[in-house]
Undergrad: 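Let me begin by handing over the structure; questions about it come next.
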Amino acid sequence: MSGGCGRNPPPFPDDEDQERAELDTQVLDSDEDDEDDEGEDIFTGARSKAITPTSAPDEGDIFSEEGSYVRSDVHHTTNGLHSDEELDLFTEATVELTLTNTTSQGRREIIGPTVSACNTTHVPNSILKPSIVTKTMEELKEEESGDQFELNIAVTNPEKIGDGMNAYMSYKVSTQTTLPMFLNKTFSVRRRFSDFLGLYEKISAKHSLVVGKEFLMLTLVGKEDSSSAEFVEKRRAALERYLQRVVAHPSLLQDPDVREFLERDELPRAVNTQALSGPGLLKMINRVSDAVNKMTIKINESDNWFESKLQEVENEEQLLRRLHAAVDSLVNHRKELCSNTVVFSKSVAMLGSVEENSALSRALSQLAEVEDKMEQLHQQQAFSDFFILAELLADYVRLLGAVRCCFEQRMKVWQRLQEAQSTLQKKREAEAKLLWANKPEKLQQAKDDINEWESKVSQYERDFERVTCTVRKEVLRFEKEKARDFKQHIVKYLESLLHTQHRLVKCWEAFLPEAKAIA
Amino acid sequence: MTGPYSCCSCIVFVHSVSVDLNNDASLVIDIPDALCERDKVKFTVHTKTTLSSFQKPEYSVQRQHEDFIWLHDTIVETEEYAGLIIPPAPPKPDFEGPREKMHKLGEGESSMTKEEYAKMKQELEAEYLAVFKKTVQVHEVFLQRLSSHPMFRKDRNFQIFLEYDQDLTVRRKNAKEMFGGFFKNMVKSADEVLISGVKEVDEFFEQEKNFLLDYSSKIKDATAKAEKMTRSHKNVADDYNHISGALNNIAADNNTAFKKHLEKCAEVFEKLRVSISKVEDRMASDQELKLTELLRYYTRDIQAAKDLLYRRARALADYENSNKALDKARLKGKDVAQAEENQKQCLQKFDKLSESGKKELTSFKARRVVAFRKNLIEMTELEIKHAKNSVSLLQGSIEVLKSN
C-alpha cells in the first residue's frame, strides 16, 4: 500500500532513475548553498555566547541578534541525531518543530527546510524581528496541520550477480525521505531476495497484528522461469509494493529492523532464509490464506462490531476474487490481441505489396504500420492492466486473508482467557471442596493456585482488551489505506487508458489522409 | 434461439462493401425486414420497378437463404453469363457465436445478480442484432449487384426470385437434381491448375491472371487474420464488461468496507462501463464491419473473378482442342465441315468471353478500389470518433474520482 497524505507512489522504473537523479541534485544544491552561508555564523558565534535555556520560541530573547547563536547552541545540545557537517539548514527546522510539537503523539512530523524562516533570522535588524517571529510561528502552525512527510521507496535495477549455481539477482532499494530518523535524505542500498525474506521473518514475529507486513509472493516462488525478463519485472514490482506497504505502516516504520534494511550498506546474510525458500516459504505464506473458516467459535460480545466486520471482510474478499479473475482474463486477451494484431499487420502489408493500384497499395502499407503501432499500444496497455490492476487486486485478496488472520488471533486470545477462567473456576471449586473436607494442609496449595490463576485471568483479560483495541485500530487503518490505494490505482489505470486512447486518435488521424488519397 | 426475432424496419444501412448500387430507379431492391425463426432466417425482399417485364410495380416476397443460393447457382450454370463476373453468393447466416454465448449465459444465470444478468443479456442481444444486420446486408448486396448489372437484371430466374409469390422450395429441389452442382464443383477443384497452365496470348489477361492468383491468396490470408484480431478485440471488450460489472458489485454492495470510503464510486463505475467496455465493443464491431467484412467480401469477389478467368481458360482450351480436331478431320478427310463449324463456335465463344471478361475485370478493379477507399475512410473516421469519445468519458471519470 502506498498511502500517506501528500505522498506519491514512485513512478515506473524507466522514468524513475532520471527523476530521482534530478531530485537528488536539487536537494543537495540548495542545501550546500545555505550551508556555506550559515556555517561560519553559527560556529563562530557559538563559542563566545553563553547557553541560554529555551523552552519555546517565544518572541524576545531568542530572536534577538544573540538569539540566533543561542539557537545553534540549542541545536547542539538537543539534537544529537545529525552529523554536524551536513544540512544545518534542515536541522534548524527540526529544532523548531520539536519545540512546538511536543504534544504530537510521538510521530515525526517533518516539513522540508523552511528556507525563508532561517534566512531571515540572520538579518541583525531589531526592527524586523517581531515580524520574523510571527511569520515563523504562523508557518510552523500551518505546516503542523499540513501533516506532510516524504518517504518514497523504489526497487529498481535488478542485476545478476555471480555465475552459475551461486548467481543471484540483486536489487537497488532507493529511499528518498525527509524523515529525520534516517541519516540521509536520499540513499540506496543493494539487496537480494533473501534479504527481503529475512526482513519479513524479523518483523512478522514482532508485529503479529499488523496487516501489510505480509510477503505476498505466492506466484513468484518456484514455478516460473526465474530468468525471464517478465519474471524479474514481476518480482521487482512485487518487492517494491511490499516495501511500500511496510513503510506505510507507522509502527513498522519505527521498527529498527526496517530502518536497517533500508539504510545499512551491508546486511548480514539472512541464513535462516535458506529454509524459507521454495516449499518452506510457500508453506509459511500459505498460513495466511489458510485462515479460512476456522472461526467457528463465537465470542460473546456486547458489541457485534467484530462479527459484522468479519462478515464484511469475507464478503469483500469474494468480490475482489471475482474482479481479479476478470482482470486476469483481460490481461490474457489483450496479449492475444497483441499477437493477432501483429500477424494481421504483416498480412495487410503483403496484400498492399500485391495491390496493383498504387494509391491503394500505399494506403494498405500505411494501414499495416498503423496496426503495428496499435500492437505497441496494446502491449503497453497490457502492462498497465497487469501491474496497475491485476497485481493490486491479487495483493488485496491476500491482505484480506491477513485481516482474517488478525481476527483469528484475537479469537485465540479470547479462548485462552476462557480457558483460564474455567481453570480458575475449577480451582475455586477445589478449594471449596477442601474446606468442606477439612484438609488444611492442602488448603494453602489451593489458595496459591487460585492466586496464580486469578492473576493469569486478569493478565489475559488485559491482553484481550489490548488485542481487541489493536485489531480494531489496525482494521480501520487498513481500510482507509485500502480505499486510498484503490482509488489511486484506479485513477492511474484510467490515466493509462486515457493515454492509450489519445495515441489511438493520433494514429488514426495520421492514417485518414492516406485513406482519402486512394484514387 | 427462442422465438422470432425481427429486425426493425428502418435499417439505415450503409452499403459498405459495394457502392452505388440502387442508383437506377428502374429496378430498386432492398430487404427492409427479416425474421429469425429457430435456424431459419426469412428475408422480406422488396422490389420497386418501372420495367414492363415485371407484373407489378411494387411487391414483396419472403425468401430463405437457400433461395439465394439457388438463384446464384442457376446464374452460374447459365452459359450466357460465362463472360461475366458473377456476384458471389451470400454466406450462410451464422448465429453460432451469439447462440453459444446465450447458452453459457443461461447456464451461469444463477451465479450472477439480476442486474448483471439483465445487462449481459442486453449485450448479447445487441450482438445477435449485429450478426443479423450483417447477414441481411450481405444478402441485400447480392441482389443489388444483380439488379444493377445490365445483363443479370434481365435474367428470367432473377425475376422469378423477385416476383414469385409462392415458396421456391420445389424449384430449388428440381434444379439441384438437374445440375447437381456439377459445374460449380468442377470449377472449385480445377481452376488454379487450369488457369496457370494455359498459354496466354493476351497481355491484359496474362497480367490479370498473375494478379488475381496472387491477390486471392493474400486477401484470403488477410481476412482470416482480421477475423482473429477482431475476435480478440471483442474478447477484450467483453472482459471490460465483466470488470465494470464486478466493480459495480463492489461499489453497490452495502456489506463491504469500501462503501464508506469510496462515495461516488458506483456512479463512476457505471460511467466506466460506458466509457470503456461499450466503446471497446463499438471499436471492435466497427473494425469488423468495415475492414473484416470488406476483406471477406472481396475474397469472395476475387474468387468470382477467378471463376471468370477459369471459364475463359476453359473456352480457350476448347478452342485449341477444336483446332486439333479440325486438323485431324482435314487429315482424315471426314466431318470437316462439322469440325470447322465447331472451331468457329469455339472461337466465337472465346472471343466473346475475352471481350466481356476484359470489361468486367476492368470495372471490377475500379469497384474494388472505390470500395476499399470508402470502407477504410469510414472505419478510420469511426475509430477516431470512438477513441475521442472514450477520451472525454475517461477524462470526466478521472476528474470525478480525483475531486472526491
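Reminder, nothing fancy here: chain letters follow the sequence lines and each chain counts from 1.
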Undergrad: If you count heavy-atom pairs under 4.5 Å with chain B, which of A:Leu504, A:Thr500, A:Val491 comes out on top?
TA: A:Val491
Undergrad: Among A:Ala515, A:Ser353, A:Ala325, A:Ala363, single out the residue with the greatest number of heavy-atom pairs under 4.5 Å to chain B.
TA: A:Ala515
Undergrad: Given heavy-atom pairs under 4.5 angstrom as the criterion, report whether the side chain, backbone, both or neither of A:Asp385 touches chain B.
TA: side chain
Undergrad: Measure A:Leu367 against the heavy atoms of chain B and call it side chain, backbone, both or neither at under 4.5 Å.
TA: side chain
Undergrad: If I measure from the heavy atoms of chain B, does A:Leu360 come under 4.5 Å with its side chain, its backbone, both, or neither?
TA: side chain
Undergrad: Select one option (side chain, backbone, both, neither) describing which atoms of A:Glu495 are under 4.5 Å from chain B's heavy atoms.
TA: both
Undergrad: Between A:Glu509, A:His378, A:Glu355, A:His499, which has the largest tally of heavy atom pairs under 4.5 Å with chain B?
TA: A:Glu355
Undergrad: Taking atom types as modelled and ignoring hydrogens, do the side chains of A:His249 and A:Glu474 form a donor-acceptor contact shorter than 3.5 angstrom?
TA: yes
Undergrad: Within this structure, what is the OG1-CG distance for the pair B:Thr380 and B:Asp286, rounded to the nearest 0.5 Å?
TA: 11.0 Å
Undergrad: Is chain A contacted by the side chain of B:Lys385, its backbone, both, or neither, given a heavy-atom distance below 4.5 Å?
TA: neither
Undergrad: Do you know which of A:Leu498, A:Leu389, A:Val348 has the most heavy-atom pairs under 4.5 Å to chain B?
TA: A:Leu498
Undergrad: With distance as the sole test, does A:Ser361 use its side chain to make a donor-acceptor pair with the main-chain N or O of A:Gly352 at under 3.5 Å?
TA: yes
Undergrad: Does a donor on one side chain and an acceptor on the other come within less than 3.5 Å for B:Asp281 and B:Tyr240?
TA: no
Undergrad: Look at the side chain of B:Arg373 and the backbone N and O of A:Lys516, then say whether any donor-acceptor pair between them is shorter than 3.5 Å.
TA: yes
Undergrad: Taking B:His242, B:Lys365, B:Met379 one by one, which has the highest count of heavy-atom pairs under 4.5 Å against chain A?
TA: B:Lys365
Undergrad: Ion pair present between A:Arg321 and A:Glu317, side-chain N to carboxylate O less than 4.0 angstrom?
TA: yes
Undergrad: Tell me whether B:Arg368 forms a cation-pi arrangement with B:Tyr298, defined as NZ or CZ under 6.0 Å from the six-membered ring centre and within 45 degrees of its axis.
TA: no
Undergrad: For the residue pair B:Lys306 and B:Ser216, confirm or rule out a side-chain donor-acceptor distance under 3.5 Å.
TA: yes
Undergrad: Give a yes/no verdict on a cation-pi contact between B:Lys358 and B:Phe204, requiring under 6.0 Å between NZ or CZ and the six-membered ring centre and an angle within 45° of the axis.
TA: yes
Undergrad: Using a 4.5 angstrom heavy-atom cutoff, name the option from A:Val475, A:Asn357, A:Val370 with the most pairs to chain B.
TA: A:Asn357
Undergrad: Using non-hydrogen atoms and a 4.5 Å limit, figure out which bit of B:Glu208 sits close to chain A: side chain, backbone, both or neither.
TA: side chain
Undergrad: Among A:Glu336, A:Glu514, A:Glu356, which residue forms the greatest number of heavy-atom pairs with chain B at distances under 4.5 Å?
TA: A:Glu356
Undergrad: Pick from B:Asn241, B:Ile377, B:Leu376: which one has the most heavy-atom pairs with chain A under 4.5 Å?
TA: B:Ile377
